[in-house]
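One structure below.
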Protein chains: 2
Amino acid sequence: MTKTRLEAKQITRRNLIEASLKLSEEDGFATLSLRQVAKEAGITPAAFYRHFKDMDELGLVLVDEVGVRLRQLMRDARKGFDKKKSAVRNSVLTYIDYIVENPQHFRLLMGGNQAGTSAYQKALRNEIDRFIAELTDDLETTSRKMKLPIFHAAFASEAIVAVVFTVGAEALDLPKHRRQALEDRLVVEVNMILNGARIKG
Amino acid sequence: MTKTRLEAKQITRRNLIEASLKLSEEDGFATLSLRQVAKEAGITPAAFYRHFKDMDELGLVLVDEVGVRLRQLMRDARKGFDKKKSAVRNSVLTYIDYIVENPQHFRLLMGGNQAGTSAYQKALRNEIDRFIAELTDDLETTSRKMKLPIFHAAFASEAIVAVVFTVGAEALDLPKHRRQALEDRLVVEVNMILNGARIKG
DNA sequence: TGTACATCAGTGAACGCGCGTTCACTGATGTAC
DNA sequence: TGTACATCAGTGAACGCGCGTTCACTGATGTAC
C-alpha cells in the first residue's frame, strides 16, 4: 500500500478542518488561533504547517467547503419537495433549520465580513455573490414558467440574500421556541421583496 | 476654579473615545487592544482604568454615541430638504455619504455583529432596533399623510435596514467612482421593498 | 525477501512579542483651617 | 492669604499568558536494489 502515509496526512488535514469548524461555533473563525486549532486536532502547533501556510489558507478552504454545501442545500430546497407549502416557505424553513443545526458554518460566512485578511474577505464576497447569482437565475426561470414577469430579479436577489443573512444571524441568538416567529417574518419579508420586484419602476 | 481637575479628566476621556474611533477605521472596534487605544490617546495603559473598567465599557459608550448621531442624521435626511429628489433618494444619498465619510462609525455598528461580549452585542442590537422603530413610525406617518396604505411597515423597516447595512458594508470597500452604482442599487431595492409592503398578504 | 537509504508528518523546546492587569509611586490640584 | 494635608489622574516597572514561527530531531513509512 503506497498510500498509507498520504492517507494519514489527509486524515490529519480533515481533523484540522473539523476542529476549526467546531471551534468556530463559539465566536466564528476570526477569533481562532493556530494553536487552538492544532490542539483540538491533536497535533503540535508546528505540525500545522505541514498542511496549511497559515490560518488564512485554512480559512479559504473552510469558506469554500461551507459555500458549496450551503448552495447545494438551497438548490434542493428550492425544488420544493413539500408541495403543501410555497417554494418560498420551503426554502426559508430549510435555511433556518440548517443554520440552527450548523451555526459554525453560518458564523463562518457571516463573521468574516469584518475581520480577516483581504483574501479571506474576497472569498467570502465571492461565495455570497454565487448565492445571489443562483437565486437570480431561479427567479428568472420561475418567472418565465409562471408567466409572471419580474422586473428586478438581480436586485431582488441581493435584497433577499441580505435579509436572509440578517435574520439568520438573529436566529442563532434565539432559543428554539422563538424561531417560529423568525421563520414567519422571513417568509413575509421575502415575499414582500418578490412582490415589489414584480412591479415596474 | 474647582473644576480644573475634572475638566482635564474629561479631556482624557474624550481622547480615549476619539482614539478608539480613529483606530476603528481600519478593522473595527473588536480588534482594538487597550494598549493601542491608550497609546493613541497619549496615556499609559494603566491610566486607562481611571476612565473605563475595560474595553467593553468603552465600547458601549462608543455604540451609544455613534447610534445617537446616525439616527439624528437619518431623521434630518428623511425630512428631505432637496425637493427635487424623492425622500428615499435623499435618505440614501445622505446615508452613503455619511458612512463613506465616517467609516469608523459604520464599522463600529457592523463589526460587533460577530465579535465582542454579550453586553456589547446587546447594545448593538438595541441601536439597530431603534433605527427600525424610527423607520417604522416614519413609514406609517407618511402612509397616512399620502393616503397610501402600507400593510407591513414593521417588516418593511427590518428588510430596509438589513439591505441598507449590507450595501453600506460594500460601499466601504469600493473606490469613489463606483459608489454611484451602489446608490442607484440601494434606491431601487428600498423602493422595491416599499412597493412590496403596500401589497396585501 | 532482506537490507540500506530517503522521505516527511509530527515532536518538543525555544524565541520574541503584545497583551491585560497589578502595584507602589509622584506631583499637581483641591480643601480645610 | 498661607500652610498642612487629602485627593487622584497619570507613571513606569513588573507579572504571567497565549500567540505565531523556527528549528533540529525522531521514527515510521516508502523506495531501490
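Letters A, B, ... mirror the listed sequences (proteins, then strands); counts begin at 1.
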Base-pairing string, 5' to 3', of DNA chain C - Watson-Crick or wobble, under 3.5 Å, | interstrand: .||||||||||||||||||||||||||||||||

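- Applying the salt bridge (charged side-chain N to carboxylate O under 4.0 Å, His left out) test to pairs two or more places apart or on separate chains, those with a residue in residues 86-102 of chain A are A/Arg89-A/Asp184.
- The pair B/Arg69-B/Glu65 does not meet the salt-bridge criterion, since no charged nitrogen lies less than 4.0 angstrom from a carboxylate oxygen.
- Listed by first and then second residue, the salt bridge (charged side-chain N to carboxylate O under 4.0 Å, His left out) pairs involving residues 156-177 of chain B are A/Arg125-B/Glu170, A/Arg185-B/Glu158, B/Glu170-B/Arg185 (not counting sequence neighbours).
- For B/Ser20 against B/Ser24, the heavy-atom pair with the smallest separation is O-OG, 2.6 Å.
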CA sep, side-chain torsions, deciding dist, call: B/Leu135, B/Arg78, side chain to side chain contact (heavy atoms under 4.5 Å, CB included): CA-CA 9 Å; B/Leu135 183 54; B/Arg78 270 189 240 116; 3.9 Å; yes

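- Between A/Phe165 and A/Tyr95, the ring planes are tilted. Angles from 30° to 60° get that label.
- Between the C1' atom of D/dT31 and the CG atom of A/Leu6 lies a distance of 15 Å, rounded to the nearest Å.
- For the segment residues 42-54 of chain B, the set of residues with a heavy atom within less than 4.0 Å of an atom of DNA chain C comprises B/Pro45, B/Ala46, B/Tyr49, in numerical order.
- Atoms CZ (A/Arg5) and P (D/dG27) sit 15 Å apart, rounded to a whole Å.
- Sorted by residue number, the list of members of residues 9-18 of chain B with any non-hydrogen atom under 4.0 Å from DNA chain C is empty.
- Counting only distance, with no hydrogens or angles, the side chain of A/Tyr120 and the backbone of A/Leu60 share no donor-acceptor pair below 3.5 Å.
- Nucleotide C/dG20 holds its P atom 12 Å from the CG atom of B/Leu58, rounded to whole Å.
- Salt-bridge check for A/Lys22 with A/Glu40: passed, with a basic side-chain N closer than 4.0 Å to an acidic carboxylate O.
- Rounded to whole Å, the distance from CG on B/Leu23 to C1' on C/dC19 is 15 Å.
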Full working for side-chain hydrogen bond (donor to acceptor under 3.5 Å, both in side chains) between B/Gln10 and B/Arg13: CA-CA 5 Å; B/Gln10 289 183 61; B/Arg13 185 187 150 99; over 6 Å; no

For residues 192-201 of chain B, run the donor-acceptor check on the side chains, cut-off 3.5 Å, and write out each pair with its distance to 0.1 Å, sequence neighbours left out.
unit_1   : atom_1 : unit_2   : atom_2 : d
B/Asn195 : ND2    : B/Asn191 : O      : 3.3

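- Taking only side-chain atoms of A/Gln36, from C-beta outward, the nucleotide of D/dC19, D/dT29, D/dC8 with the closest atom is D/dC19.
- OP1 and OP2 of D/dG18 both lie 4.0 Å or more from every side-chain N or O belonging to A/Ser33.
- Residue B/Arg35 has its side chain nearest to C/dG20 when only D/dC19, D/dG30, C/dG20 are considered.
- The aromatic rings of B/Phe155 and B/His152 sit parallel, their planes meeting at an angle under 30°, below the 60° perpendicular limit.
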